[in-house]
Number of protein chains: 2
Amino acid sequence: MPTPSPRLTPQRKIILEVLRGTRSHPTADEVYDMVRERLPNVSLGTIYRNLDFLHSQGIIRKLDKLGSQMRFDACIDPHLHVCCIECGKVGDLPADAASVSLRRDAGMDTQCAFRITGHWLELYGICADCLTEHTSG
Amino acid sequence: MPTPSPRLTPQRKIILEVLRGTRSHPTADEVYDMVRERLPNVSLGTIYRNLDFLHSQGIIRKLDKLGSQMRFDACIDPHLHVCCIECGKVGDLPADAASVSLRRDAGMDTQCAFRITGHWLELYGICADCLTEHTSG
DNA sequence: ATATCTGCAAAGGATTTGCACGAGT
DNA sequence: ACTCGTGCAAATCCTTTGCAGATAT
């Protein structure tokens, strides 16, 4: 059987262009607004579906830990995000700047123009129960 | 004027007891179910309001980065959380085990019975724009 | 009395989904 | 033809809110 062939529709193309044209890590809503400037009849559902598709293909990053709304990032290189606790703005930080920033809590980080005040670290893994199911099943 | 005097209602008391009686970092919904066993007529709104109140008083922790629903933790000592990517279960990790776990990605961490497969680090701060507003205003 | 708190139900915001139509191969 | 994608609107999920009645000091 032939492999499924995703299509590069105008919507999909413009959504990706819009995302690649900004460094602001926009929400779906903000992407919607930007895309509508070029494609007035696009629907929000299409935005969500395409952002999801692009993410599933590894073409964009989905940032779901930066507030109440998801944000999206066309830059998939490993890097960290800094979130402003006042206005919610999201900035980038080169990966190798992390340890520097963590040690400098409450100091101004010259590399990202944010004064770092805190951080959040969370681990992912597989719990013992799920591990057992894997090995026994 | 007298300081406001929050009351220790039965609802509030039981919610806190229930939360202190588990290490499962329950969602509001799960707290609701547990509380209803002792207080069948409690409402979900009351659960949310009290969890919020307890959090605002620094009595419990609110974990909003562990999936789509908020989770709550009566243990406010600094410690990390490990989230199972299969079933969503959340475990604890002593703070000083963090560096160990990060170095052991994909290895089994004996301290928390999770096999750590990844992590997420995010920074918080104040952006240049908001800093300017503070210093100039 | 009065401020705090409750249960109920409705509202809210973000995201997902069902469906019939449209477009590419 | 057939599959994939779209617009629209409704549905869903989690959380918050308005309100009238209840409770404690």
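In what follows, chains are A, B, ... by sequence order, proteins preceding strands, each numbered from 1.
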Side chain of [X] only, heavy atoms from C-beta on: which candidate in [options] is closest?
X	options	result
B:Thr46	D:dT15, C:dC19, C:dT6	C:dT6
B:Tyr48	C:dG7, C:dT15, D:dC14	D:dC14
A:Gln69	C:dC8, C:dA14, D:dT6	C:dA14
A:Arg49	C:dT17, C:dC5, D:dT16	C:dT17

Once you apply a heavy-atom cut-off of 4.0 Å, does [X] come out as touching a base, just sugar-phosphate, or nothing?
X	answer
A:Asn41	sugar-phosphate
A:Asp29	nothing
A:Asn50	sugar-phosphate

Look at the side-chain N and O atoms of A:Thr9 and state whether any lies under 4.0 Å from the OP1 or OP2 oxygen of D:dT6.
yes
Does B:Ser5 put a side-chain nitrogen or oxygen below 4.0 Å from OP1 or OP2 of D:dT25?
no
Can you tell me the distance, in whole Å, between the [atom1] atom of [X] and the [atom2] atom of [N]?
X	N	atom1	atom2	answer
A:Leu8	C:dA23	CG	P	17 Å
B:Leu51	D:dT17	CG	P	15 Å
B:Glu30	D:dT15	CD	C1'	15 Å
A:Asp64	D:dC14	CG	P	15 Å
B:Lys13	D:dT23	NZ	C1'	17 Å
A:Asp52	C:dA14	CG	P	17 Å
B:Leu44	C:dG12	CG	P	18 Å
B:Gln11	C:dT4	CD	C1'	12 Å

With a 3.5 Å distance limit and no angle check, can you tell me whether B:Glu30 reaches the backbone of B:Thr27 through a side-chain donor-acceptor pair?
yes
Using modelled atom types only, decide if a donor and an acceptor are shared between the side chain of B:Arg71 and the backbone of B:Leu63 within a distance under 3.5 Å.
no
Is there a donor N/O on one and an acceptor N/O on the other, under 3.5 Å, for the side chain of [X] and the base of [N]?
X	N	result
A:Arg12	C:dG24	no
A:Arg36	D:dG7	no
A:Arg7	C:dT25	no

Describe, in one word, how the ring planes of B:His25 and B:His79 are oriented to each other, choosing from parallel (under 30°), tilted (30 to 60°) and perpendicular (over 60°).
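Answer is tilted, since the angle falls between 30° and 60°.
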Identify, between B:Lys62 and B:Pro10, the residue whose nearest nucleotide on DNA chain D lies closer to the 5' end.
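Taking each residue's closest nucleotide, the earlier one in sequence belongs to B:Lys62.
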Measure the spacing between CZ of B:Arg115 and SG of A:Cys127 and express it to the nearest 0.5 Å.
11.5 Å
Are any of the side-chain nitrogens in A:Asp52 or A:Arg49 under 4.0 Å away from the carboxylate oxygens of its partner?
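No salt bridge links A:Asp52 with A:Arg49.
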Identified side-chain contact (heavy atoms from CB on, under 4.5 Å) partner of A:Asp73 from the options A:Ile60, A:Leu19, A:Asp92:
A:Asp92
